[in-house]
Amino acid sequence: MAAATAANSDGKTGPVSTGVKEHLYKILVIGEFGVGKTSIIRRYTEGYFSPNYKLTIGVDFALKTVDWDKDTKVNLQLWDIAGHERFGHMTRVYYKYAIAAIICFDLSRPATFDSVLKWLNDVNSKVMLANEQPVPIMLLANKCDIDDVQADTDIVNKFCRDYNFIGWFQTSAKSDINIEKAMNFLVEHILSLPTESQQPSEHVSLQSSVTTPNDSQEHPRPPYKQESGCCS
């Protein structure tokens, strides 16, 4: 960012501080293949949707700069992790230094919701904030533009509370539903983190994976009804 200049008292020009604080955050976008991760990222960063994306191989990333307010600029690196990479030996490298994660599932494919906890475990076992707290994770129920596949808010709200998601949204990259709203919610949460925790660090232990309230029971799949929601 170019420095601003202004005339000094002696008439000479020189750099002056603009007072804008910049942040750079790495955010993981993960979930099973075909849930729309690339489409969500492309919609948010470039403002368009295409039905012809190729399957992501390995990892890709995109950049987005947000002028959050007059004093704050946020630079986001959105890392698009291929669905087949779950539990691959490279995920530790991909996750390193992430400050937050987005887990996506496809409302029209219930099996992708069943996989959410596996992705959650994978993230929490491999990366954490500098204060050794879990990175904030948001859940996106994508493809809500498809008829008759809206999630039951009560079930997903409870799911978020049980597994400490910071929030969730029904989204559609195709119809541009809740994409920017969800991302603003996540950025706001990141900015609210204590300063000392905003520098993420690599997780040093594999023993802190998610424990469920009742590991012997499979979590129910979400029925498809009602409108989008966000747990608090």
Side-chain angles (χ1 to χ4, degrees), residues 25-68 74-86 94 98-116 118-120 123 136-153 156-157 159-160 165-190 221-231:
Y25 298 131
K26 175 180 176 179
I27 299 174
L28 308 174
V29 183
I30 55 180
E32 294 297 285
F33 72 91
V35 297
K37 300 184 297 295
T38 302
S39 296
I40 289 170
I41 292 172
R42 194 67 56 84
R43 170 63 79 178
Y44 179 61
T45 59
E46 301 181 24
Y48 75 90
F49 171 84
S50 170
N52 299 317
Y53 295 131
K54 295 181 180 179
L55 181 68
T56 301
I57 304 299
V59 64
D60 197 2
F61 71 91
L63 303 174
K64 173 79 170 183
T65 297
V66 180
D67 293 318
W68 188 253
V74 177
N75 299 294
L76 303 176
Q77 287 185 347
L78 299 173
W79 283 60
D80 182 359
I81 312 296
H84 67 273
E85 287 290 338
R86 189 185 70 233
Y94 298 154
I99 198 170
I102 300 168
I103 301 180
C104 308
F105 72 95
D106 180 345
L107 279 168
S108 68
R109 295 162 55 206
T112 63
F113 178 75
D114 295 340
S115 298
V116 166
K118 297 176 184 177
W119 286 99
L120 181 64
V123 171
I137 301 177
M138 179 173 66
L139 182 65
L140 296 186
N142 197 36
K143 304 187 183 180
C144 69
D145 58 286
I146 299 175
D147 292 338
D148 302 322
V149 294
Q150 291 179 316
D152 187 310
T153 57
V156 185
N157 278 336
F159 181 82
C160 285
F165 286 89
I166 63 168
W168 76 279
F169 293 85
Q170 290 192 68
T171 58
S172 169
K174 181 179 180 180
S175 300
D176 195 15
I177 299 172
N178 284 338
I179 301 297
E180 186 165 358
K181 181 178 180 180
M183 292 305 303
N184 285 344
F185 173 83
L186 180 60
V187 171
E188 183 174 27
H189 187 91
I190 293 170
R221 298 176 179 176
Y224 302 126
K225 64 177 184 178
Q226 301 185 22
E227 298 178 354
S228 60
C230 177
C231 59

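This is a predicted model, so every value here is computed, not measured.
- Lys37 contributes a side-chain N or O that, together with a main-chain N or O of Glu32, makes up a donor-acceptor pair within less than 3.5 Å.
- Residues Phe49 and Arg42 have side chains not in contact (no heavy-atom distance under 4.5 Å, counting atoms from C-beta outward).
- Taking every heavy atom of both residues into account, Gly167 and Phe185 meet most closely at CA-CE2, 3.9 Å.
- Judged by the 6.0 Å and 45° rule, Lys181 forms no cation-pi pair with Phe169.
- Listed for the Asn142 side chain is a donor-acceptor partner under 3.5 Å among the backbone atoms of Val35.
- A pairwise comparison of heavy atoms in Leu107 and Ala151 identifies CD2-CB, 3.6 Å as the closest pair.
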>> What verdict does the side chain to side chain contact (heavy atoms under 4.5 Å, CB included) test give for Gln170 and Val156, after you've listed the backbone C-alpha separation in whole Å, the side-chain angles of each residue and the deciding distance to 0.1 Å?
In response: CA-CA 10 Å; Gln170 290 192 68; Val156 185; over 6 Å; no

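- Annotation: side chain to side chain contact (heavy atoms under 4.5 Å, CB included) contacts of Lys26 (sequence neighbours excluded): Leu28, Gln77, Trp79, Ala98.
- Within the 4.5 Å cutoff, the side chain of Val66 has no heavy atoms near those of the Met183 side chain.
- Asp80 and Thr38 form a side-chain donor-acceptor contact under 3.5 Å, judged by distance and modelled atom types alone.
- With contacts defined as side-chain heavy-atom distances shorter than 4.5 Å, the pair Ile41/Phe61 does not qualify.
- Within a 6.0 Å radius of NZ in Lys64, more than 12 heavy atoms belonging to other residues, nucleotides or ligands are found.
- Here the closest heavy-atom approach between residue Gly34 and residue Lys143 is recorded as O-NZ, 2.8 Å.
- Ala100 and Ile190 make their closest contact through CB-CD1, 3.8 Å (heavy atoms, listed as atom of the first residue, atom of the second, distance).
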>> Show, in sequence, the C-alpha distance, side-chain angles and deciding distance for Asn75 and Leu63, and conclude whether the side chain to side chain contact (heavy atoms under 4.5 Å, CB included) test is met.
In response: CA-CA 7 Å; Asn75 299 294; Leu63 303 174; over 6 Å; no

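- Distance CG/Asp145 to NZ/Lys174: 6.0 Å, rounded to 0.5 Å.
- The shortest heavy-atom contact between Leu139 and Cys160 is CD2-SG, 4.3 Å.
- Going from atom NZ of Lys118 over to atom CD1 of Ile30 covers 13.5 Å, rounded to the nearest 0.5 Å.
- Atom CD of Glu46 sits in a crowded spot, with more than 12 heavy atoms from other residues, nucleotides or ligands closer than 6.0 Å.
- Counting heavy atoms from C-beta on, the side chains of Ile137 and Ile103 come closer than 4.5 Å.
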> Passes side chain to side chain contact (heavy atoms under 4.5 Å, CB included), Thr171 versus Arg43? Steps please.
Replying inline: CA-CA 11 Å; Thr171 58; Arg43 170 63 79 178; over 6 Å; no

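- Using a 3.5 Å distance cut-off with no hydrogens or angles, the side chains of Trp68 and Asn184 do not pair a donor with an acceptor.
- Side-chain contact between Trp168 and Phe159: absent, with no pair of heavy atoms (C-beta onward) separated by less than 4.5 Å.
- Side-chain contact between Val187 and Tyr25: absent, with no pair of heavy atoms (C-beta onward) separated by less than 4.5 Å.
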>> Run Ile102 and Ile27 through side chain to side chain contact (heavy atoms under 4.5 Å, CB included) and show every step you take.
In response: CA-CA 7 Å; Ile102 300 168; Ile27 299 174; 4.1 Å; yes

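- At distances below 3.5 Å, at least one donor-acceptor pair connects side-chain atoms of Thr112 with backbone N or O atoms of Arg109.
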